[in-house]
> 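Dropping a structure here in structure tokens format, bear with me for questions.
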Amino acid sequence: MAFCKIFPYFFILCCSFHLITSQPFDYPTADLSTTWVNSVSANHSVDFADNSTVRAILLRGTFGPKYACGFYCNGNCESYLFAIFIVQTNSISFITQPAIGFPQVVWSANRNNPVKINSTLQLTAEGDLVLRDADGTLSWSTNTARKSVAGLNLTDEGNLVLFDSKNATVWQSFDHPTNSLVPGQKLVPGKKLTASVSTTNWTEGGLFSFSATDDGLVAFVESNPPQTYFSRSVDGLNASSSNHVMYLNGSLALFSNSSDSNNPQILVSITPVVSAQYMKLESDGHLKVYEWRSGWNEVDDLLTGFYGECYYPMVCGRYGICSRGQCSCPKSNSNSTTYFRQIDDRQGNLGCSEVTRLTCNVLNNHKFLELQDVDYFTFTTDIRNTDMNTCKDACLRNCSCKAALFRSALNSSTGDCYLPFEIFSLANNEKDRTRHDSHAFIKVQVEPEPETVAAAEGKKPINGAILGSVIGLAVLGIIIGIAVFIFWKKRKANEDEENYLDHVPGMPTRFSYDNLKAATDNFTKKLGQGGFGSVFEGCLEDGTKIAVKCLDGIGQVKKSFLAEVETIGSIHHVNLVQLIGFCAEKSHRLLVFEFMSNGSLEKWIYHGKQEQSLDWNCRRKIIQDVAKGLAYLHEECRQKILHLDIKPPNILLDEKHNAKLADFGLSKLIDRNQSQVVTTMRGTPGYLAPEWLSGAITEKVDVYSFGIVVLEILSGRRHFEASESEDQQVMLNLFRKKAEEGQLVDLIDKHSEDMQFYKEEVIKTMQIAAWCLQSDYTKRPSMSMVVKAMEGVLDVEKDLDYSFKPQNVNGIPNINFADSTPLLPSILSGPR
């Protein structure tokens with residue numbers, strides 16, 4: 001089984017730009033006080049047919065594939081890495097562009113923080129290697145100032161080294177691996193390779209890592225806790241010694257103090273080296289070896305040889321089942337109920353989503369979907385020497401458990417139990433490749449079964465006289481009951497409500513009116529006002545800051561209040577404003593929420609109104625937070641919850657600018673067996689989906705409103721700006737025009753240099769917004785798909801319709817708003 005391969009002569013190019021106008025062809029070193037500029041006119045700049053560009057500052061060697069370092073970009077070249085990579089060179093044109101074989105990046109300094117054109121790299125007089133963006137912002141540094149650095153060197157092995165006057169290493173790139181290893185590079189305990197998000201997204205937010213530990217070599221998928229999909233025990237490898245693993249001479253070998261360094265322990269060997277080579281952890285978890293053979297070729301897929309293609313964590317996405325390279329979703333063998341469906345029928349590798357999301361609200365509705373002869377890529381024993389039923393019961397008692405995986409010897413009833421908190425891809429258990437029985441019990445959410453009604457057949461006939469007496473007594477009792485109810489109704493209304501609330505399970509804290517009056521300093525500091533009342537800032541005795549909403553009026557407010565406390569009080573998510581408590585005392589109706597120190601989103605995004613400009617990373621995080629909050633409401637609660645009023649004022653920010661959804665006063669709860677709900681027009685003009693005109697709505701109305709909010713966040717303007725010229729007033733009309741012209745970049749907030757820098761990512765997010773704004777609501781994505789698209793693991797639908805629905809001059813359909821019939825507490829959550 002192959003694991004690693006290496007070559008005897010491997011050269012890499014590290015790109016950058018030097019202010020000096022000419023250099024010898026082989027220029028591997030640089031002195032202090034040297035600056036390179038990422039300029040289009042820089043020396044040694046080459047554009048490749050794969051849309052990549054390199055601008056070299058240091059180059060080692062003269063012929064063939066070589067190491068170099070400098071600036072590298074791929075795509076629209078609006079962002080650059082300072083990287084070490086391999087390129088083809090010759091003595092005439094320095095770096096050439098062969099017909100095949102493009103630059104191969106093997107190390108980068110700033111993959112989480114790329115820079116723009118005209119950025120600079122400087123080896124300062126103090127000995128610090130510093131990368132700054134075009135605006136002077138610090139992107140990356142070796143932090144070696146005042147450590148006696150004398151110069152910079154790119155070695156024959158592709159190692160970028162800062163050395164002192166005695167030629168000793170002060171800092172080296174080999175000590176900071178990214179997602180690749182080159183021959184001669186060590187992997188020591190505590191260091192790891194981290195996959196990028198994708199081939200086009202360089203950031204190290206991928207799911208996969210490959211590391212050296214005290215126990216050996218481990219590849220794992222990021223989860224809580226991490227799940228291992230490859231492990232190889234290595235004796236003598238630990239952080240307290242200088243033992244290390246090195247990729248060298250066609251193998252991955254252990255170099256140990258206790259062994260002959262000339263004869264290391266070979267851990268894994270691959271075919272003999274022919275030419276330049278490197279090893280890379282890909283974004284799908286594969287650890288591959290690439291070699292130059294008149295072009296770059298994949299010569300080994302190292303981990304696949306151990307377990308096979310189906311034992312990669314995301315080969316078929318979450319909950320997907322891999323069988324001989326084909327993906328499917330878990331199915332029940334005992335009934336026709338569908339518990340999982342593919343996220344995309346055309347791309348099975350994207351995985352499966354739950355038809356009904358698991359929720360901790362009703363644990364009795366958790367059941368198991370039994371999968372026979374299905375295995376998992378990893379198995380961490382949580383309970384040893386147990387039986388299958390005990391394993392399943394342990395999972396049912398733990399809400400975080402997503403499955404009960406049971407392994408035993410062949411035909412044995414006793415085995416080991418694994419209770420993972422997150423499920424990735426499963427695999428059909430091929431009996432000829434294993435010596436154990438494996439059982440997978442996937443936890444699923446089922447709807448509560450209706451109460452059974454005794455069958456009428458078989459009952460004895462009832463005597464007519466007895467029946468008449470019973471009916472007469474019942475009618476008399478009803479009359480008396482109505483009389484008593486009318487007599488005491490007004491006097492007991494508040495007490496009945498309070499008694500009702502006392503018996504609701506899982507209720508939040510109940511406060512007295514006097515306590516809240518004291519906490520808010522007699523309701524003096526007003527935070528805002530909404531349709532159902534005013535919000536005041538307060539502080540509890542323990543120092544907890546709160547926001548208290550005082551509900552005004554009677555009738556609908558009481559019902560809304562009951563629903564708010566009943567429904568929203570039991571729902572908890574990091575991206576939903578938490579209901580801490582309530583007050584129901586006489587005529588007083590108050591709700592107590594967590595305090596959001598940075599207020600609503602609207603004061604942060606509109607130009608001229610914001611307290612300060614938000615950078616791109618902050619805006620992206622806010623968009624992701626809102627998407628996750630909506631995904632939870634739509635797909636993870638026992639009942640589907642529609643917000644129906646998504647807009648910046650209803651999105652609140654905490655002290656770290658984490659976004660949370662607020663104001664559920666217009667939310668409706670839809671039973672799982674309902675596809676849509678008919679209701680009177682609700683919401684805020686400008687954020688309303690076109691299907692409101694028909695009166696039939698689904699959760700996709702929230703998706704539409706979310707799309708509008710995303711455009712406002714990215715552009716820094718409202719959906720309708722009366723101060724703009726007529727063709728610029730309505731954002732949707734402007735969005736459609738710019739999309740048709742291919743100039744979406746014109747919509748990016750012009751008052752933020754940071755947003756302008758990340759144009760490519762911002763435009764991709766605009767495309768997600770366009771997906772959410774499709775006029776046909778069936779073509780809009782679910783919010784869970786939006787989350788995946790924002791994370792870069794799901795592509796946006798290709799054929800988007802930018803025509804949208806015609807808008808009037810105010811940017812909204814011509815709609816006559818009317819008050820709706822009061823909704824029952826069981827289907828409406830109260831105001832927030």
Side-chain angles (χ1 to χ4, degrees), residues 359-362 497-498 500-513 515-517 519-520 523 527-542 544-552 556-585 588-600 625-626 628-630 632-634 636-646 649-654 658-669 823 825-832:
T359 174
C360 294
N361 290 350
V362 186
E497 181 181 340
E498 293 183 28
Y500 167 80
L501 292 171
D502 286 337
H503 291 86
V504 175
M507 289 295 294
T509 303
R510 184 166 189 163
F511 295 94
S512 70
Y513 180 74
N515 286 342
L516 294 182
K517 185 176 180 180
T520 58
F523 305 102
L527 297 175
Q529 185 167 354
F532 282 102
S534 302
V535 182
F536 299 89
E537 181 180 335
C539 184
L540 300 178
E541 291 182 354
D542 62 1
T544 302
K545 298 191 72 173
I546 56 174
V548 180
K549 189 162 193 174
C550 302
L551 304 179
D552 301 328
Q556 176 68 26
V557 171
K558 178 190 291 186
K559 295 181 179 180
S560 299
F561 176 78
L562 284 172
E564 176 75 22
V565 176
E566 257 190 280
T567 307
I568 307 303
S570 63
I571 295 174
H572 302 286
H573 189 271
V574 68
N575 298 123
L576 299 179
V577 175
Q578 182 181 356
L579 177 65
I580 297 175
F582 67 99
C583 172
E585 186 177 308
H588 301 300
R589 301 289 178 268
L590 301 94
L591 300 173
V592 182
F593 300 105
E594 63 175 311
F595 181 77
M596 303 293 285
S597 59
N598 273 318
S600 68
D625 287 347
V626 175
K628 290 176 181 178
L630 282 173
Y632 176 82
L633 292 175
H634 292 176
E636 297 180 33
C637 293
R638 183 171 60 88
Q639 287 182 298
K640 185 183 300 182
I641 298 178
L642 309 193
H643 188 288
L644 304 187
D645 199 18
I646 297 297
N650 288 338
I651 299 168
L652 305 184
L653 307 179
D654 66 12
N658 296 311
K660 302 188 180 189
L661 290 175
D663 198 345
F664 291 83
L666 300 176
S667 300
K668 294 202 68 175
L669 307 179
L823 297 170
S826 60
I827 61 170
L828 175 66
S829 69
R832 184 182 295 277

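Here the structure is a predicted model, which is why all the values come from computation and not from measurement.
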> Hey, mind stepping through Ile651 and Asp625 against side-chain contact (heavy atoms from CB on, under 4.5 Å) and telling me if it holds?
CA-CA 10 Å; Ile651 299 168; Asp625 287 347; over 6 Å; no

> Show, in sequence, the C-alpha distance, side-chain angles and deciding distance for Ile546 and Ile580, and conclude whether the side-chain contact (heavy atoms from CB on, under 4.5 Å) test is met.
CA-CA 8 Å; Ile546 56 174; Ile580 297 175; 4.0 Å; yes

> So, Asn598 side chain and Leu653 main chain: donor-acceptor pair closer than 3.5 Å or not?
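Pair absent, no side-chain N/O of Asn598 close to backbone of Leu653.
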
> Can you tell me how far the CD atom of Glu537 sits from the CZ atom of Phe595, to the nearest 0.5 Å?
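Between Glu537 CD and Phe595 CZ, I get 4.0 Å after rounding to 0.5 Å.
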
> Which atom pair, heavy atoms only, marks the closest approach of Asn575 to Lys628?
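Scanning both residues completely, I find the closest heavy atoms to be OD1-CB, 3.5 Å.
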
> Output yes when a side-chain donor or acceptor of Glu594 lies under 3.5 Å from a complementary backbone atom of Gln578, and no otherwise.
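Yes, Glu594 side chain to Gln578 backbone: donor-acceptor pair under 3.5 Å.
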
> Ignoring hydrogens, what is the shortest heavy-atom contact between Ser512 and Cys583? Give both atom names and the distance.
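Looking at all heavy atoms of both residues, the closest pair is C-SG, 3.9 Å.
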
> Provide the closest heavy-atom pair for Leu540 versus Ala519 in the form atom of the first, atom of the second, distance.
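Leu540 and Ala519 have their closest heavy atoms at CD2-CB, 4.4 Å.
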
> Hey, are the side chains of Leu516 and Val592 touching, using non-hydrogen atoms and a 4.5 Å cut-off?
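The answer is yes, as the side chains (C-beta and beyond) meet within the 4.5 Å cut-off.
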
> Just by distance, do the side chain of Asn650 and the backbone of Asp645 share a donor-acceptor pair under 3.5 Å?
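Between the backbone of Asp645 and the side chain of Asn650 there is a qualifying donor-acceptor contact (under 3.5 Å).
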
> For residues His634 and Ile641, report the shortest heavy-atom separation together with the two atoms involved.
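Looks like CD2-O, 3.2 Å.
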
> To the nearest 0.5 angstrom, please state how far the CG atom of Leu652 sits from the CG atom of Asn658.
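Going from the CG atom of Leu652 to the CG atom of Asn658 covers 12.5 Å.
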
> For the residue pair Tyr632 and His573, categorise the inter-ring angle as parallel (less than 30°), tilted (30 to 60°) or perpendicular (more than 60°).
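The arrangement is tilted - the two ring planes meet at 30° to 60°.
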
> Ignoring hydrogens, what is the shortest heavy-atom contact between Leu527 and Ala547? Give both atom names and the distance.
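That closest heavy-atom pairing would be CD1-CB, 4.2 Å.
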
> Given 3.5 Å as the limit, does a donor-acceptor pair link the side chain of Asp654 with the main chain of Met596, or not?
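Judged by distance alone, no pair lies under 3.5 Å.
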
> Hey, what do you get for SG (Cys550) to NZ (Lys517), rounding to the nearest 0.5 Å?
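Cys550 SG to Lys517 NZ: 11.5 Å, rounded to 0.5 Å.
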
> Where is the tightest heavy-atom contact between Ser600 and Pro649, given as atom of each residue plus distance?
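Residues Ser600 and Pro649, closest heavy atoms: CB-O, 3.7 Å.
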
